[in-house]
Amino acid sequence: HQHQACGRPEAVPGRDPEGDANPPGPRAPASHGAAEPHGPRPSLRPHRRARLPRCARRARGAARGAPFLGWGLFLIGAGFVVDRYGARRSMLVGTALGSAGLAAAGFASSPEALIVLRFLSGAGSVVVPIAGTRALFRAYDVGRRGWALGVRQMAVPLGGTVAALLLPGLVAVGGIR
């Protein structure tokens with residue numbers, strides 16, 4: 001049947017928009033890390049697919065890439081911000097902006113809004129790793145920085161792994177929203 005928002009036939013249940021087989025249920029994480037924009041995304045694809053019309057699903061590539069574009073365009077500028085305002089203030093503002101963009105993206109009413117909000121999330125959060133590295137370098141002497149960086153970097157894939165293990169069960173029990 002036709003979806004009113006798009007005027008196109010909806011995807012067949014159990015298949016993605018390109019027609020490839022798509023078994024139901026959560027998927028294993030496809031990448032590393034949990035922090036936005038990087039991270040294993042314990043897949044909620046079947047749940048999202050059921051909610052969105054086919055034409056909206058076509059924008060998923062742009063929505064996935066939007067935070068990376070935000071990061072890429074603002075990365076050098078974020079370094080200047082950290083130098084100018086310091087690590088703590090920059091990290092606080094960057095985390096707030098990145099989180100606000102990501103939270104708002106969860107309620108986006110259109111694919112375009114989703115793309116813009118994810119872009120803003122990436123642009124806001126790009127300052128966090130720069131500020132964190134600067135703070136770490138100031139807190140540890142030269143002989144301990146490598147170890148401290150290793151511990152700091154371990155948190156991202158560890159958090160992503162925990163999320164990938166917990167999220168499918170939480171969705172099964174409580175639903176997507």
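- The minimum heavy-atom distance between Pro67 and Ala63, with the atom names listed, is CD-O, 3.4 Å.
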Do any side-chain atoms of residues 99-109 form donor-acceptor pairs under 3.5 angstrom with protein atoms, and if so which ones, sequence neighbours left out?
unit_1 : atom_1 : unit_2 : atom_2 : d
Ser99  : OG     : Thr95  : O      : 2.8

What donor-acceptor contacts under 3.5 angstrom involve side-chain atoms of residues 134-151, with partners at least two apart or in another chain?
unit_1 : atom_1 : unit_2 : atom_2 : d
Arg134 : NH1    : Val82  : O      : 2.7
Asp141 : OD1    : Arg144 : N      : 3.3
Arg145 : NE     : Phe137 : O      : 3.3
Arg145 : NE     : Tyr140 : O      : 3.0
Arg145 : NH2    : Phe137 : O      : 3.0

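- With sequence neighbours left out, Arg89 forms a side-chain hydrogen bond (donor to acceptor under 3.5 Å, both in side chains) with no residue at all.
- Contact of the Arg152 side chain with the Pro129 side chain is registered, since non-hydrogen atoms from C-beta on lie closer than 4.5 Å.
- Under a hydrophobic-cluster definition in which Ile, Leu, Val, Met, Phe, Trp and Tyr are linked whenever side-chain heavy atoms come within less than 4.5 Å, directly or via other members, Leu114 and Trp71 are assigned to different clusters.
- No path of Ile, Leu, Val, Met, Phe, Trp and Tyr side chains, each step under 4.5 Å between heavy atoms, connects Leu166 with Leu158, placing them in separate hydrophobic clusters.
- The side-chain hydrogen bond (donor to acceptor under 3.5 Å, both in side chains) analysis of residues 165-174, with sequence neighbours excluded, yields no pairs.
- Formation of a donor-acceptor pair under 3.5 Å by the Arg118 side chain with backbone atoms of Ala66 is not found in this model.
- Note on Phe119: it clusters hydrophobically with Val128, by side-chain heavy-atom contacts below 4.5 Å among ILVMFWY residues.
- Applying the 4.5 Å side-chain rule to ILVMFWY residues, one finds Val93 in the same cluster as Leu97.
- Put simply, the side chain of Ser121 never gets that close to the backbone of Leu117: no donor and acceptor are under 3.5 Å apart.
- The minimum heavy-atom distance linking Val127 with Gly124 is given by the pair CG1-O, 3.7 Å.
- If you chain together hydrophobic residues whose side chains sit under 4.5 Å apart, Val171 and Val162 never meet in one group.
- By the side chain to side chain contact (heavy atoms under 4.5 Å, CB included) test, Ala123 is found to be paired with Phe74, residues two or more places apart in sequence or in another chain being considered.
- Glu112 is not listed as a side-chain neighbour of Val116, based on a closest heavy-atom distance of 4.5 Å or more.
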